[in-house]
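In what follows, a single structure is set out as structure tokens and then discussed.
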Amino acid sequence: MRQKIVAGNWKMNLDLNEGKELLINILDSDISDNTQCVIAPPYIHLSGFKQMLSHTKLSLGSQNCHQQDSGAYTGEVSAAMLKSVGVEYVILGHSERREYFNEDSLGISFKVNNVIKHGLRPIYCCGETLTQRKEGEHFETIRVQIKNGLFQLNEMELLNCVIAYEPVWAIGTGETASPEQAQEIHAFIRKTIAQEYGDMVADNISILYGGSVKPGNAVELFNCPDIDGGLIGGAALDAESFVAICNSF
Ligand code: 13P
């Protein structure tokens, strides 16, 4: 059985008090046992939030990390440091990092390797732009992102990864991929993995959908056979919406 995962990517939102209030409201709610919920706040909140999450079923994620363990990289945070404060998941290769910080899949593959080395789980993001989709390049774009970012891993390492398909045109736009569009790409990602690693790996890897997921569309998306959960942006900043999405399986 593939793990069901819903991760909230808070991006660069919420100061300490606002973040604590949101987290308390989430923790006060009932979240179904069959979903692994992950909260990915800004780095600065991670250590304090870990204390609040102890003895709960929620896991902590970060939104990025550096590929080296330590060194003269001003402003950066390493996977080793994240591990030391109790982080379990690391979002890597988000389209906002690719667009605003010039990250590419090969560079991200070094981060993936380092995150795996420290026993953390990457949530590796892929997704096409609107232009790429209009020009029919979406399958090839995704295939190359998956190959260049993840196919350096061995089977066991890949099984520790989570993949998030986030079409760039659906992020923060209110325009969600239809369940058919999302399912088509998720099935394609699974097939691409099966061709390289075999069916056992492909069948057991969780593939999340991200891009304007809301309580009103989560059930339909999560009902698709190859969609194993969501990576949630805007709706993760509201406790009621986030919990409703977590309970949408
Ligand atoms: P929205 O849910 O706000 O569209 O953001 C999706 C996202 O980028 C999650 O990483």
Side-chain angles (χ1 to χ4, degrees), residues 4-14 18-19 22 26 35-43 45-46 58-65 82 87-101 103 105 108 111-112 115 120-130 132-133 138 141-142 145-146 149-150 161-179 181-182 185-186 189 206-222 224 227-248:
K4 308 281 187 208
I5 301 172
V6 175
N9 175 8
W10 290 13
K11 308 192 180 183
M12 197 175 73
N13 291 298
L14 307 183
E18 293 165 338
L22 173 56
I26 292 170
T35 308
Q36 174 62 63
C37 288
V38 181
I39 306 285
Y43 285 136
H45 302 332
L46 287 170
L58 271 71
S59 290
L60 201 55
S62 87
Q63 299 173 20
N64 184 31
C65 72
L82 295 171
V87 166
E88 292 171 69
Y89 291 81
V90 183
I91 299 171
L92 291 174
H94 192 281
S95 63
E96 288 149 16
R97 301 245 17 125
R98 292 177 189 263
E99 182 178 353
Y100 305 133
F101 302 94
E103 295 198 17
S105 300
I108 298 159
K111 299 187 176 195
V112 169
V115 163
L120 305 176
R121 301 189 69 188
I123 301 178
Y124 180 80
C125 302
C126 60
E128 80 284 3
T129 62
L130 188 57
Q132 286 166 331
R133 179 163 277 264
H138 40 305
T141 301
I142 307 263
Q145 287 174 340
I146 296 284
L150 294 177
C161 294
V162 176
I163 296 175
Y165 168 56
E166 297 205 309
V168 179
W169 48 272
I171 295 178
T173 58
E175 191 178 335
T176 322
S178 67
Q181 284 173 318
I185 298 288
H186 281 234
I189 293 171
S206 297
I207 307 178
L208 316 183
Y209 169 78
S212 298
V213 179
K214 304 271 182 287
N217 56 28
V219 172
E220 224 188 341
L221 285 160
F222 295 176
C224 297
I227 299 184
D228 307 307
L231 182 54
I232 319 300
L237 300 176
D238 176 77
E240 207 179 314
S241 299
F242 183 66
V243 170
I245 295 169
C246 291
N247 289 334
S248 287

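Here the structure is a predicted model, which is why all the values come from computation and not from measurement. Counting convention: from 1, in listed order, for ligands and their atoms alike.
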Rounded distance [0.5 Å steps], OG in Ser212 versus CD in Glu175: 8.0 Å
Within the 4.0 Å heavy-atom shell around Ala170, which atoms of ligand 1 are there? 4 (O)
Identify the closest protein heavy atom to atom 2 (O) of ligand 1: which residue and atom is it, and at what distance? Gly233 N, 2.9 Å
Just by distance, no angles: are the side chains of His94 and Gln63 close enough, under 3.5 Å, to form a donor-acceptor pair? no
To the nearest 0.1 Å, how far is atom 9 (C) of ligand 1 from its closest protein heavy atom, and which atom is that? Glu166 OE2, 2.9 Å
Would you say Leu22 and Pro41 make side-chain contact, with heavy atoms under 4.5 Å? no
Between ligand 1 and Gly211, is the shortest N or O to N or O distance under 3.5 Å? no
Note: ligand 1 atoms sitting under 4.0 Å from heavy atoms of Gly172 are 1 (P), 3 (O), 4 (O)
Polar contact flag, side-chain donor to acceptor under 3.5 angstrom, Arg133-Thr141: no
Suppose I only count heavy atoms of Ser212 and a 4.0 Å limit; which atoms of ligand 1 are within that range? 1 (P), 2 (O), 4 (O)
Hey, is Lys11 one of the residues with a heavy atom under 4.0 angstrom from ligand 1? yes
Within the structure, does Thr173 bring an N/O atom to less than 3.5 angstrom of an N/O atom in ligand 1? no
With under 30° as parallel and over 60° as perpendicular, where do the rings of His45 and Trp10 fit, or are they tilted in between? perpendicular
Pick out which of Val87, Val38, Leu82 makes a side-chain contact (heavy atoms from CB on, under 4.5 Å) with Leu60. Val87
May I ask you to check whether over 12 heavy atoms, not counting those of Glu18, lie within 6.0 Å of atom CD? yes
Would Asn9 count as being in polar contact with ligand 1, using the rule that some N or O on each side must be under 3.5 angstrom apart? yes
Taking distance alone, with no angle check, do Gly234 and ligand 1 share an N/O pair under 3.5 Å? yes
